[in-house]
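For ligands, and for the atoms within them, numbers begin at 1 and follow the listed sequence. Numbers here are sequence positions counted from 1.
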Amino acid sequence: MSDAARKFLVAVLMFLAAGAAIGWLYDRPGLGLMVAALLALLWQVRQLLSFDRALRTGNFDDFRQGEGIWEQIFSRFQYENEKAKRRKLGYRQLLREVRKSTNAMPDGAIILNLENEIIACNRAAKQLASIKRKKDRGQRVDNILRDPELTRLLRANDQSLTVEIVSPIDGGQWLNCRVVPYGLDQKLLLLRDVTERIRLSKMRRDFVANASHELRSPLTVIAGYLDSLAGGDDVPADWVKPVSQMQGQAKRMRHILGDMLELSRLESAGVASAEDAVDVSRLLEDARSAFEGHADVASIVIDAEPGALLRGSGAEIETVIVNLLSNAIRFTPTEGKITLAWRVAADGADLIVTDTGEGIDAEHVPRLTERFFRVDKGRARDQGGTGLGLAIVKHVLARYEAELVINSEPGEGSEFRCHFPSDRVVVAPS
Ligand code: ADP
């Protein structure tokens with residue numbers, strides 16, 4: 001207990017005792033005590049009302065001096081008040097700093113609630129996505145940035161997912177968007193200007209496509225002359241082998257150019273159309289018939305669900321199958337086995353090519369879908385590979401929002417699994 005409180009208690013007790021003593025003099029100690037208590041109460045009520053008035057008017061002059069309990073209450077109140085003021089000032093300063101730094105950020109940041117309504121945004125978001133801080137507060141962000149990709153991102157609620165959309169502002173900048181949830185009911189939509197990267201990658205794509213296209217015609221002429229030369233009887237004996245080798249290399253170059261053009265096409269194509277339903281089992285059968293029976297080809301087994309169809313392009317799915325199957329054939333000895341499977345699962349369907357071939361070291365697996373990556377460059381080249389097959393597979397699958405999962409064990413074999421989402425799969429009633 002503080003000194004002032006102790007003094008206050010003592011004073012009250014003494015006042016009550018004095019009241020009782022005076023009452024005793026008149027032979028009415030009880031009455032004296034009651035009157036003293038009433039007076040003490042009235043005094044405290046008066047002090048309370050003055051304090052209330054002081055709180056309302058801010059004039060605490062009556063409480064500034066002295067050592068009584070009310071002066072003590074006032075000085076405590078003043079101390080807490082000053083502390084709160086200092087804290088508020090500190091918060092305000094901090095808020096100003098945070099606002100200044102978020103406004104200095106080159107990336108846009110929009111705070112959203114769970115309904116994707118805008119709560120606040122920084123200056124970059126204003127500039128990149130044309131969001132008006134006051135006018136657009138409370139608006140759904142997908143009503144301002146109208147893009148199905150952004151709607152998909154907001155629905156997915158997946159921090160690792162990013163999408164690229166065109167900004168509604170005049171320059172048509174490309175924005176990379178990502179959603180980061182925080183707290184219980186808020187999320188941050190981050191926008192990054194990636195226009196330059198997109199422009200450079202388009203330039204690269206166009207260059208590769210144009211160069212491949214330009215190289216095709218002269219190569220066709222060279223290959224044509226080589227074919228005529230090889231087919232004629234008037235080639236000197238010591239030229240037969242070089243002509244045949246040149247023929248082989250010209251064929252390989254045509255193959256590489258074809259794959260490069262296919263990759264460029266896939267890179268600039270959007271989501272695959274879902275209009276046609278592709279009979280994957282039939283495509284697997286056709287692929288087997290095309291390869292089986294050739295010398296040095298392992299046995300090919302099919303394990304497919306004939307009733308399951310895939311929404312997309314037959315030619316693209318065939319490209320996936322042919323690339324995976326031709327790899328399996330090249331890397332599996334004749335006595336090995338290759339399985340082509342097509343299975344429906346709870347979350348979609350899987351197209352799986354498994355082989356009992358040489359397998360791949362785990363360190364190489366993450367790089368297999370890179371362009372021109374081969375585990376054994378010389379050998380893969382000699383076997384006729386372009387190094388683009390799995391890159392093409394990956395790009396086709398991206399158009400279906402499908403995933404390529406590679407499992408391999410050196411010396412045991414490999415499994416290439418293409419997982420398609422359920423909205424691409426149609427299961428015909430049996
Ligand atoms: P390539 O035309 O060289 O086959 P790909 O992109 O199709 O190019 O494959 C890249 C590399 O992945 C191959 O060179 C090979 O090293 C490895 N690879 C692909 N499929 C298999 C497989 N079934 N078994 C073993 N290695 C494989």
With a 4.0 Å heavy-atom cut-off (strictly under), which part of Phe416 contacts ligand 1: side chain, backbone, both or neither?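 Contact part for Phe416 vs ligand 1: side chain (C-beta onward).
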
Please could you name the atoms of ligand 1 that [X] approaches to less than 4.0 Å, counting only its heavy atoms?
| X | answer |
| --- | --- |
| Phe373 | 10 (C), 11 (C) |
| Val375 | 16 (O) |
| Ser414 | 24 (N) |

Basic-acidic side-chain contact under 4.0 Å: Arg152, Glu149: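 A salt bridge is present here (some side-chain N lies under 4.0 Å from a carboxylate O).
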
Given [options], which has its nearest heavy atom closest to [atom]?
| atom | options | result |
| --- | --- | --- |
| atom 1 (P) of ligand 1 | Gly413, Gly387, Pro410, Gly389 | Gly387 |
| atom 7 (O) of ligand 1 | Asn327, Leu368, Leu324 | Asn327 |
| atom 4 (O) of ligand 1 | Arg330, Arg374, Glu370 | Arg330 |

Any donor-acceptor pair under 3.5 Å from Arg343 side chain to Glu305 backbone: no

If we ignore hydrogens and angles and just use 3.5 Å, is the side chain of Asp158 paired with the main-chain N or O of Ser160 as donor and acceptor?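 Looks like yes, one N/O pair under 3.5 Å.
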
Taking N or O atoms only and a 3.5 Å limit, does Ile360 qualify as a polar contact for ligand 1?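 No; every N/O pair is 3.5 Å or more apart.
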
Measuring from Ile360:CD1 to Arg367:CZ, what's the distance to the nearest 0.5 Å?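 One finds 13.5 Å between CD1 of Ile360 and CZ of Arg367.
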
Working to the nearest 0.5 Å, report the span between OG of Ser264 and CG of Asp206. 8.5 Å

Crowding at CZ, Arg123 (>12 non-hydrogen neighbours, <6.0 Å):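 No, CZ of Arg123 has 12 or fewer neighbouring heavy atoms, counting only those of other groups under 6.0 Å.
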
I'd like to know whether ligand 1 has Asn323 as a neighbour, heavy-atom separation below 4.0 Å. no

